[in-house]
Amino acid sequence: MPPANPDSPAIAEDAFGAHLARTQAALPPAARRVARFIIENRALTLASSAADLASRIGTSDATVVRAVQAMGFGGLPELKRMLAATLAANPATPAEAMRRSLAEADEEAGRAIAIAIEAQREAIEAIAAPEAQASLRAAALALHPARRILVFGIGPSAALARYVATLLGRAGRATRTLDASGIALADQLLDLGAGDALLVLAYGRAYREVATVFGEARRLALPLVLVTDSLDRALARHADVVIPARRGRARRVALHGATLAALEALVMGLAALDGERALASLDHLNDLRAAIAGGRQDIG
């Protein structure tokens with residue numbers, strides 16, 4: 001049987017991993033390959049369908065389903081619920097994540113680089129999966145009608161929030177970042193209102209700032225698109241669309257390449273929905289750049 005209820009307040013990831021390892025040993029070879037892939041690629045499994053997993057592993061989707069059932073789960077959805085719960089309940093601190101990553105690389109620079117590149121490749125492959133691309137399209141459709149798109153991201157995500165806001169502005173979208181921590185965020189939330197939509201970058205536990213943003217979105221009935229790989233499920237379920245963007249491998253150093261790729265793809269999708277506005281904005285950007293490059297202008 002699988003370990004404790006995924007809705008329980010604390011789930012030990014090591015215990016879950018031990019359960020997977022125990023069941024793996026008793027499986028036939030084809031199912032063992034599936035189990036080994038799931039153990040080594042937990043976040044990728046969360047973002048994949050049975051067909052996606054079968055394609056990556058080199059087997060059939062029926063074999064994937066049978067392997068998951070042989071591991072003690074009712075099906076892939078139940079396994080995913082358990083994976084999501086363990087990842088959310090056991091976040092690694094930055095120091096722990098770096099310690100695990102360096103141990104895996106044996107503190108050798110070349111191996112560390114190779115591991116990081118491979119993790120980025122896996123994360124990009126995950127957002128290229130049909131389910132993830134469908135989420136990106138749904139996100140573009142949810143944000144398109146908004147008069148203004150507010151992009152939330154604090155800590156390391158703040159730089160990404162500011163970057164995507166710049167891209168949105170170039171595509172002709174009215175936008176602003178919500179990037180303040182603590183009570184300073186309250187000032188940035190003051191003018192939210194009808195016609196706004198939220199693009200939220202958030203991970204891990206439901207910290208106060210992101211909980212407040214979600215609460216304000218619910219109060220004002222604003223569309224909310226969430227980019228995450230691990231946000232607390234009790235909060236994430238209130239998002240209109242969730243874009244699954246992995247930040248590298250579970251409990252290793254966070255890598256934001258896939259998040260950046262997902263955000264740039266989303267902006268391209270929005271530009272395609274109103275190409276005339278995007279092109280007019282970029283033409284105006286070029287005019288402004290030319291005026292600046294030409295030096296002082298006669299203003300009358």
Any non-hydrogen side-chain atom of Asp240 less than 4.5 Å from a side-chain atom of Val225?
no

Give every donor-acceptor pair under 3.5 Å between a side-chain atom in residues 62-71 and any protein atom, sequence neighbours left out.
from	atom 1	to	atom 2	distance (Å)
Thr63	OG1	Ser60	OG	2.9
Thr63	OG1	Arg66	NH2	3.4

If hydrophobic clusters are built from ILVMFWY residues whose side chains come within less than 4.5 Å, do Val200 and Leu220 share one?
yes

Please determine whether the number of non-hydrogen atoms from other residues, nucleotides or ligands lying under 6.0 Å from atom NE2 of His238 exceeds 12.
yes

State whether the number of non-hydrogen atoms from other residues, nucleotides or ligands found under 6.0 Å of Arg137 atom CZ is greater than 12.
no

Grab the two heavy atoms, one from Thr228 and one from Tyr203, that are nearest each other, plus how far apart they are.
CA-CE2, 3.7 Å

Working to the nearest 0.5 angstrom, can you tell me the gap between Leu263 CG and Ile243 CD1?
7.0 Å

Side chain proximity check, Glu264 to Tyr163, heavy atoms < 4.5 angstrom
yes

Is there a donor-acceptor pair closer than 3.5 Å between any side-chain N or O of Asp196 and the backbone N or O of Gly193?
yes

Inspect the surroundings of CG in Leu288 and state if more than 12 heavy atoms from other residues, nucleotides or ligands are less than 6.0 Å away.
yes

Spell out, as yes or no, whether a donor-acceptor pair under 3.5 Å connects the side chain of Arg148 to the backbone of Ala174.
no

Euclidean distance, Thr177 OG1 relative to Leu199 CG, rounded to 0.5 Å:
11.5 Å

If you round to the nearest 0.5 Å, how far is CD of Glu276 from CG of Asp274?
7.0 Å

Output every pair passing side chain to side chain donor-acceptor pair (under 3.5 Å) with a member in residues 208-218, not counting sequence neighbours, ordered by first then second residue.
Glu216-Arg219

For the residue pair Ala146 and Ala197, what are the closest heavy atoms and their distance?
CB-CB, 3.6 Å

Taking all heavy atoms of Val227 and all of Ala245, pick out the closest pair and write down the distance.
CG1-CB, 3.8 Å

Hydrophobic clustering (ILVMFWY, side-chain heavy atoms < 4.5 Å, transitive) - are Ile127 and Leu167 grouped together?
no

Hydrophobic cluster membership, with links at side-chain heavy-atom distances under 4.5 Å among I/L/V/M/F/W/Y: are Leu260 and Met268 in one?
no

How far apart are the C-alpha atoms of Gln188 and Leu185, what are their side-chain angles, what is the distance that settles it, and do they pass the side chain to side chain contact (heavy atoms under 4.5 Å, CB included) test?
CA-CA 5 Å; Gln188 294 187 339; Leu185 178 63; 3.7 Å; yes

Over all atoms of both residues, closest heavy-atom pair of Ala50 and Leu76:
N-CD2, 3.5 Å

About how many Å separate CG of Leu198 and CG of Leu222, when rounded to the nearest 0.5 Å?
5.5 Å

Any side-chain donor-acceptor pair under 3.5 Å between Asp52 and Ser49?
yes

Rounded to the nearest 0.5 Å, what's the gap from CG on Leu266 to OG on Ser135? Could you check?
11.0 Å

Specify the closest pair of heavy atoms between Ala140 and Gly269, including all atoms of both residues, with the distance to one decimal.
CB-C, 4.3 Å

Give, for atom OG1 of Thr59 and atom CZ of Phe37, the distance between the pair rounded to the nearest 0.5 Å.
12.0 Å

Please test Val210 against Ile154 for side chain to side chain contact (heavy atoms under 4.5 Å, CB included), starting from the C-alpha separation and ending with a verdict.
CA-CA 9 Å; Val210 72; Ile154 61 175; over 6 Å; no

Can any side-chain N or O of Thr175 pair as donor or acceptor with the backbone N or O of Gly169 at less than 3.5 Å?
no

According to a hydrophobic-cluster definition based on side-chain heavy atoms being under 4.5 Å apart (Ile, Leu, Val, Met, Phe, Trp, Tyr only), do Leu160 and Ile124 belong together?
no

Residues Ala239 and Phe214: closest non-hydrogen pair is N-CE2, 4.0 Å

When you measure from the side chain of Arg173 to the backbone N and O of Leu270, does any donor-acceptor pair fall under 3.5 Å?
yes

Start with the C-alpha distance between His284 and Arg170, add both sets of side-chain angles, then the distance that settles side-chain hydrogen bond (donor to acceptor under 3.5 Å, both in side chains), and finish with yes or no.
CA-CA 9 Å; His284 185 46; Arg170 290 181 175 183; over 6 Å; no

Does a side-chain heavy-atom distance below 4.5 Å link Leu201 with Val164?
no

